[in-house]
Peer 1: 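What follows is a structure written as structure tokens; I'll ask about it next.
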Number of protein chains: 2
Amino acid sequence: MTHQTVGHPGLPDDPRAAVTEPTPSCPVEITLDVLRGRWMTLVIRELLREELSFTELRQALPSLSDKVLADRLAHLVQWGVLERRRQPGWPPRTQYALTPHGRRLGPVLQTLWDWGNEL
Amino acid sequence: MTHQTVGHPGLPDDPRAAVTEPTPSCPVEITLDVLRGRWMTLVIRELLREELSFTELRQALPSLSDKVLADRLAHLVQWGVLERRRQPGWPPRTQYALTPHGRRLGPVLQTLWDWGNEL
DNA sequence: CTGAATCCCTGCCGATACTG
DNA sequence: CAGTATCGGCAGGGATTCAG
């Protein structure tokens, strides 16, 4: 963390903390964008336990459709949260594993859990 | 926090941490629901600085429309994040201030900032 | 097995106009 | 001043079908 402004304790001393409209360069927006969308946190939770294949994820989250699962995984790969490893041979198999950056979402989700669990 | 499960380190030992589909009772979903929607984090940021009236918020976030601002404020009041205080007399004036629970969103936003700022 | 393509439905968000 | 009412555009998400 950088140091705090004197006038606004608790807010980062960064120009992006002073924007007056939503912008993709704001770190808070970035994180919320990674987490955005139904099923997203559950997919991440499953992969925090262990790396899984497409089908294993489907079995873990039976009500999640193929299309949405593929969307979520592609989204996370694009953000550098997930690594996708195709296995050669037949039948095809693709393993999904969190990157180091992705694994650091664990504490973030814990923070969200704790606040939501308050009161 | 409660203690951790042995088999799944880093995940809360709570039935709600094992759900297989999105549910409103999950604390993570609760927090993300509070934070959901465009402009929401900026509105909260403004109120973390100091309590403000409707018009002061409009001035702080000029591109935010009346309707959406009213929606966001009502949403936050309903979640117990904001307290709404009507001043008697004319012209009408309504002050919005974070509750203690709402003020604890400061560290949550900081966590989101830090992760999004990584790399 | 691991997706991509398509269709449809819903809910969000913005703009505008209006009221106590 | 502090909202509400109404409308329309657009993107998200689910079901189904098809392909490498």
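These values consider heavy atoms only, across backbone and side chains, with no hydrogens, waters or symmetry-generated copies.
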Peer 1: Looking at every non-hydrogen atom in both residues, tell me the closest pair between B:T99 and B:L82 and how far apart they are.
Peer 2: CG2-C, 3.8 Å

Peer 1: Could you pull out all donor-acceptor pairs under 3.5 Å where a side-chain atom in residues 20-28 of chain A meets a protein atom, sequence neighbours excluded?
Peer 2:
residue: A:E21; atom: OE2; partner: B:S63; partner atom: OG; Å: 3.4
residue: A:T23; atom: OG1; partner: A:S25; partner atom: N; Å: 3.3
residue: A:T23; atom: OG1; partner: A:S25; partner atom: OG; Å: 3.1

Peer 1: How long is the gap from NE2 on A:H101 to CG on B:L119, to the nearest 0.5 Å?
Peer 2: 6.0 Å

Peer 1: Please assess B:Q87 against B:R85 for the test side-chain hydrogen bond (donor to acceptor under 3.5 Å, both in side chains), listing each intermediate value before the final yes or no.
Peer 2: CA-CA 6 Å; B:Q87 319 281 26; B:R85 288 197 299 268; 5.9 Å; no

Peer 1: For B:E21 and D:dG13, what is the distance between atoms CD and C1' respectively, to the nearest whole Å?
Peer 2: 15 Å

Peer 1: Quick one: bend of the helix from C:dC1-D:dG20 to C:dG20-D:dC1 from 5 pairs per end, to 10°?
Peer 2: 50°

Peer 1: Applying salt bridge (charged side-chain N to carboxylate O under 4.0 Å, His left out), which residue pairs with at least one partner in residues 60-70 of chain B are found, sequence neighbours left out?
Peer 2: B:R58-B:D66, B:K67-B:D71

Peer 1: Go through the steps to decide whether B:R72 and B:V68 satisfy the test side chain to side chain contact (heavy atoms under 4.5 Å, CB included), and finish with yes or no.
Peer 2: CA-CA 6 Å; B:R72 295 293 173 269; B:V68 174; 3.9 Å; yes

Peer 1: Could you say whether A:S53 or A:P22 is positioned toward the 5' end of DNA chain C, judged by the nucleotide with the nearest heavy atom to each?
Peer 2: A:S53

Peer 1: Given atom CG of B:L69 and atom P of D:dC1, what is their separation to the nearest angstrom?
Peer 2: 14 Å

Peer 1: Using the side-chain contact (heavy atoms from CB on, under 4.5 Å) rule, pick out the option among A:L42, A:L47, A:L48 that qualifies with A:I44.
Peer 2: A:L48

Peer 1: Output all residues satisfying ring-ring contact (aromatic ring centres under 6.0 Å, His included) with B:W39, sequence neighbours left out; order by chain, then residue number.
Peer 2: none

Peer 1: Nearest whole Å is fine: how far is D:dA2 P from B:L57 CG?
Peer 2: 10 Å

Peer 1: Does B:Y96 place a side-chain N or O at less than 4.0 Å from the phosphate oxygens OP1/OP2 of D:dC1?
Peer 2: no

Peer 1: With rounding to the nearest 0.5 Å, note down the distance linking CG in A:L57 to CG in A:L61.
Peer 2: 6.5 Å

Peer 1: Rounded to the Å, how far apart are B:E56 CD and D:dG3 P?
Peer 2: 13 Å

Peer 1: Given B:W79, which of B:L35, B:I30, B:T31 fulfils the side-chain contact (heavy atoms from CB on, under 4.5 Å) condition?
Peer 2: B:I30

Peer 1: First and last nucleotide of DNA chain C in contact with chain A, 5' to 3', at under 4.0 Å to a heavy atom: what are they?
Peer 2: C:dC1 to C:dT6

Peer 1: Tell me whether A:R38 is salt-bridged to B:E29, with the criterion being a basic N under 4.0 Å from an acidic carboxylate O.
Peer 2: no

Peer 1: Under 3.5 Å, which protein N or O atoms sit close to an N or O of nucleotides 14-18 of chain D? Give each pair with its distance.
Peer 2:
residue: D:dG14; atom: OP1; partner: A:R38; partner atom: NE; Å: 2.5
residue: D:dG14; atom: OP1; partner: A:R38; partner atom: NH2; Å: 3.2
residue: D:dG14; atom: OP1; partner: A:W39; partner atom: NE1; Å: 3.4
residue: D:dG14; atom: OP2; partner: A:W39; partner atom: NE1; Å: 3.4
residue: D:dG14; atom: O6; partner: A:K67; partner atom: NZ; Å: 3.0

